[in-house]
> 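To start, I am sharing the structure in question, which I have written as structure tokens.
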Amino acid sequence: MSAVWQDLRRHTQARIGLGRSGDAQPTRSVLEFRAAHALARDAVRQSFDVGRLARQVAEVGLGEPVAVTSRASSRQEYLRRPDLGRLPNDLSQIPCTAAEVGFVLCDGLSPRALTEHGVALLRALTDVVGAHRTIAAPVIATGARVALGDHIGQAMGVQTIVVLIGERPGLSVASSLGLYLTHLPRPGRSDAERNCVSNVHPPDGLGYLDAARVIDALITGARTLGRSGVDLKAVSVGALDGSRSTILDQHVVS
């Protein structure tokens, strides 16, 4: 492998400059690919311990979390029927609150990501957002797609809902979290009415504190603008605390 490829590989997790052995890839590259593929498949089908996660979430100090499910009756049905993951089974146990912001922790397509990063990210969000806004007791949702957060946010009565959800595993990362913010949540909101902060999986992805700062800025911008989504822009402004991040330009209106 040339020195050029070796240098580039230090800056990306993508599979580039793998070399070759005759007409094929080297055995090591083939085995690494198969291992990464297996990890991604396992991450999608993995379940998680809701009770254990609930105990950890309760320790964050936002109140006792409520656990809910979508209408998907099993992991297999969840994967086959994305529509059922967007609909709640029963939200009657969610109390209506006067809080401004709500957080929903969802398994999504990588329950492993929620297990590894969910609580730490929630702590960072609590520290940053909670410094100047009221936060409702969290909700844990299984068999969940992003749009389930609209139903939950409406039931909670919050002005802004933030969904923390396991992202689709890839061949580079099998446990990455995404955050989806919707202002004035209600059933029927489209993806164009949300803002996404993705690739949260330190140390290789976006860090917890940086992600929390972006979400905090987006909440401020959404409240100023009166809506979230494509009209609420985020621009890169360089580094925060020495790491790459993005932060909201609150004054961009279409």
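Residue indices begin at 1 and follow the sequence shown.
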> With respect to Ile161, which candidate in Met156, His151, Gln154, Arg186 satisfies the side chain to side chain contact (heavy atoms under 4.5 Å, CB included) definition?
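With Ile161 as partner, side chain to side chain contact (heavy atoms under 4.5 Å, CB included) holds for just one option, Met156.
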
> Any donor-acceptor pair under 3.5 Å linking the side-chain atoms of Ser176 with those of Arg112?
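Not at all, the side chains of Arg112 and Ser176 share no donor-acceptor pair under 3.5 Å.
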
> Tell me, do Leu125 and Phe103 make a side-chain contact under 4.5 Å, heavy atoms counted?
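Yes, their side chains come closer than 4.5 Å.
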
> Just by distance, with hydrogens left out, do Glu167 and Ser110 show a side-chain donor and acceptor under 3.5 Å apart?
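No donor-acceptor contact under 3.5 Å links the two side chains.
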
> How close do Gly166 and Ala113 get, counting heavy atoms only, and between which atoms?
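Scanning both residues, the minimum pair turns out to be CA-CB, 4.1 Å.
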
> Do you know which two heavy atoms are closest between Glu64 and Ala58, and how far apart they sit?
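Heavy atoms only, the tightest pair is OE2-CB, 3.8 Å.
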
> Heavy atoms only: give me the nearest Ala136-Ala99 pair and the separation to one decimal.
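Minimum heavy-atom separation between Ala136 and Ala99: N-CB, 3.4 Å.
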
> One thing to verify: whether Arg223 and Glu100 come together as a salt bridge, which I'm taking to mean a side-chain N less than 4.0 angstrom from a carboxylate O.
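A salt bridge is present here (some side-chain N lies under 4.0 Å from a carboxylate O).
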
> Quick one: are Val200 and Leu164 in side-chain contact, heavy atoms under 4.5 Å?
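With C-beta onward as the side chain, the pair stays apart.
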
> So, Arg189 and Thr182: side-chain donor and acceptor under 3.5 Å apart, yes or no?
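Distance-only check fails for Arg189 and Thr182.
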
> Decide whether His183 and Thr160 meet the rule of one side-chain donor and one side-chain acceptor closer than 3.5 Å.
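His183 vs Thr160: donor-acceptor pair found between side chains.
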
> Over all heavy atoms of both residues, which pair between Leu181 and Ile215 is shortest? Give the atoms and the distance, please.
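That closest heavy-atom pairing would be CD1-O, 4.0 Å.
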
> Is there a salt bridge (Lys or Arg N to Asp or Glu O under 4.0 Å) between Asp191 and Arg194 once you walk through the steps?
CA-CA 5 Å; Asp191 289 340; Arg194 316 184 203 285; 3.2 Å; yes

> Heavy-atom distance under 4.5 Å between the side chains of Leu209 and Asp127, does that happen here?
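No - every pair of side-chain heavy atoms lies 4.5 Å or more apart.
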
> Is there side-chain contact between Ile140 and Val68, with heavy atoms separated by less than 4.5 Å?
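A side-chain contact under 4.5 Å is absent here.
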
> Would you check if Leu91 and Ile152 make a side-chain contact, meaning some heavy-atom pair closer than 4.5 Å?
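Of all side-chain heavy-atom pairs linking Ile152 with Leu91, at least one is under 4.5 Å.
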
> Measure the shortest side-chain to side-chain distance between Arg123 and Gln56 over non-hydrogen atoms and say whether it is less than 4.5 angstrom.
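The answer is no; the side chains never approach within 4.5 Å.
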
> Does NZ or CZ of Arg145 come closer than 6.0 Å to the centre of the six-membered ring of Tyr78, within 45° of the ring's axis?
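So Arg145 does make the cation-pi contact.
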
> Between Ser70 and Ala144, which heavy-atom pair has the shortest distance, and what is it?
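Minimum heavy-atom separation between Ser70 and Ala144: OG-N, 4.4 Å.
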
> Taking all non-hydrogen atoms of both residues, which atom of Arg75 and which atom of Gly108 are closest, and how far apart?
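Heavy atoms of Arg75 and Gly108 come nearest at NH2-O, 2.7 Å.
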
